[in-house]
**Q** 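Have a look at this one before I ask anything.
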Amino acid sequence: MPTPTKGARLGGSPAHQRLILANMATQLFAHDRITTTEAKAKRLRPYAERLVSFAKRGDLASRRRVMRSIGDKGVVHRLFTEIAPDMAERPGGYTRITKIAPRKGDNAPMVVIELVREAYSAKQSTVKEAEAATQRAAKDEQAAPAATEAQKVDEA
Amino acid sequence: MAVPKRKMSRANTRSRRANWKATPVALQACPSCGANKQAHMACPSCGTYNGRHYGAAERTEHQA
């Protein structure tokens, strides 16, 4: 769950922020990559990633939940049929923010936020950690039956 | 409300403001094109970051 935002809303009012985030998420899922200010991208990231999580679940209820925020049915279809399968293996982190040079007019820090649609490959350190955990679990399982057998002998 | 008792001299004002200094932006060579770029930011001359290309990052003719 995204942490609730503190402080001022984007655009001034909660309703305006809802519209801004919904529109930006729609454009992100339609084009895969949008250019925006850093502040907006940082707010958009948890919002869009939550929608991707719903799309990965893929059932009717989650589709209706996504339809609440994205009005465009074509974009929702693209999210569920094209984007969600690409994210199937990925454990979160569906978007990537890359900083670009500040905007000319007001020097606002600009970024490109994009969907990470490359094939997922786990980091080598994560793989090693997971393998160690399974080995430990296997060892514990081997030790556990012996202990229960000993208990049974005592009871008899 | 507290107010200054004396006018502040031009010299005092200027010597205070003399310490308002801008620091130069730290730049480094872009690994793909060699032009100067800021760290953690897509290169404005070739648009690459971490091996990925971003067209929106490239410098337009209005920015120079």
Side-chain angles (χ1 to χ4, degrees), chain A residues 10 20-21 23-45 48-49 52 82-83 86-87 89-90 92-126, chain B:
Chain A
L10 295 174
I20 287 175
L21 289 177
N23 286 336
M24 284 203 296
T26 308
Q27 294 303 309
L28 179 65
F29 296 136
H31 302 286
D32 277 5
R33 177 182 280 197
I34 58 173
T35 308
T36 180
T37 60
E38 195 178 346
K40 279 181 185 163
K42 280 184 173 177
R43 294 283 187 87
L44 176 61
R45 193 218 284 260
E49 293 196 354
V52 173
E82 290 176 33
I83 295 168
D86 288 357
M87 307 291 191
E89 292 292 304
R90 193 169 288 280
Y94 308 123
T95 57
R96 178 191 290 138
I97 292 178
T98 307
K99 288 173 191 159
I100 63 176
R103 183 157 62 190
K104 186 71 182 165
D106 58 357
N107 207 28
M110 299 298 282
V111 299
V112 172
I113 179 166
E114 63 183 331
L115 294 171
V116 184
R117 295 187 66 180
E118 291 100 80
Y120 175 72
S121 65
K123 271 185 196 151
Q124 221 47 48
S125 59
T126 321
Chain B
M1 202 180 80
V3 287
K5 190 170 190 177
R6 310 292 303 198
K7 177 190 170 114
M8 197 178 187
S9 72
R10 214 177 291 168
N12 267 341
T13 304
R14 286 174 182 173
S15 64
R16 174 168 47 83
R17 288 188 188 160
N19 290 308
W20 297 359
K21 287 165 199 149
T23 49
V25 175
L27 295 174
Q28 60 185 38
C30 169
S32 62
C33 74
N36 279 342
K37 71 179 269 291
Q38 262 174 280
H40 312 291
M41 196 179 273
C43 175
S45 67
C46 68
T48 55
Y49 186 76
N50 236 352
R52 297 180 299 271
H53 181 259
Y54 295 92
E58 280 173 33
R59 199 185 282 115
T60 58
E61 54 185 286
H62 301 296
Q63 308 165 305

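Protein chains get the first letters and strands the later ones, always in sequence-line order, with residue 1 at the start of each. Here the structure is a predicted model, which means the values were calculated and not measured. Hydrogens, waters and symmetry mates are skipped; everything else that's a heavy atom, side chains included, is used.
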**Q** Highest number of heavy-atom pairs under 4.5 Å with chain B: which of A/Arg96, A/Met110, A/Glu114?
**A**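 Going by pairs under 4.5 Å, I would pick A/Arg96.
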**Q** Compare all side-chain heavy atoms of B/Cys46 with those of B/Cys30 and state whether any distance is below 4.5 angstrom.
**A**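 Touching, per the 4.5 Å side-chain cut-off.
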**Q** I need the minimum non-hydrogen distance between A/Glu82 and A/Arg117, along with the two atoms involved.
**A**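 That closest heavy-atom pairing would be O-NH2, 3.2 Å.
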**Q** Is the shortest heavy-atom distance from the side chain of B/Cys43 to the side chain of B/Cys33 under 4.5 Å?
**A**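 Yes; the side chains approach each other to less than 4.5 Å.
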**Q** Considering only heavy atoms, which portion of B/Tyr54 lies under 4.5 Å from any heavy atom of chain A: side chain, backbone, both, or neither?
**A**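 Contact with chain A involves both backbone and side-chain atoms of B/Tyr54.
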**Q** Do A/Leu44 and A/Thr95 make a side-chain contact, defined as non-hydrogen atoms from C-beta onward lying under 4.5 Å apart?
**A**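 A side-chain contact under 4.5 Å is absent here.
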**Q** Looking at B/Arg52, B/Gln38, B/Lys37, B/Glu58, which makes the most heavy-atom pairs under 4.5 Å with chain A?
**A**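 Counting heavy-atom pairs under 4.5 Å, the top option is B/Arg52.
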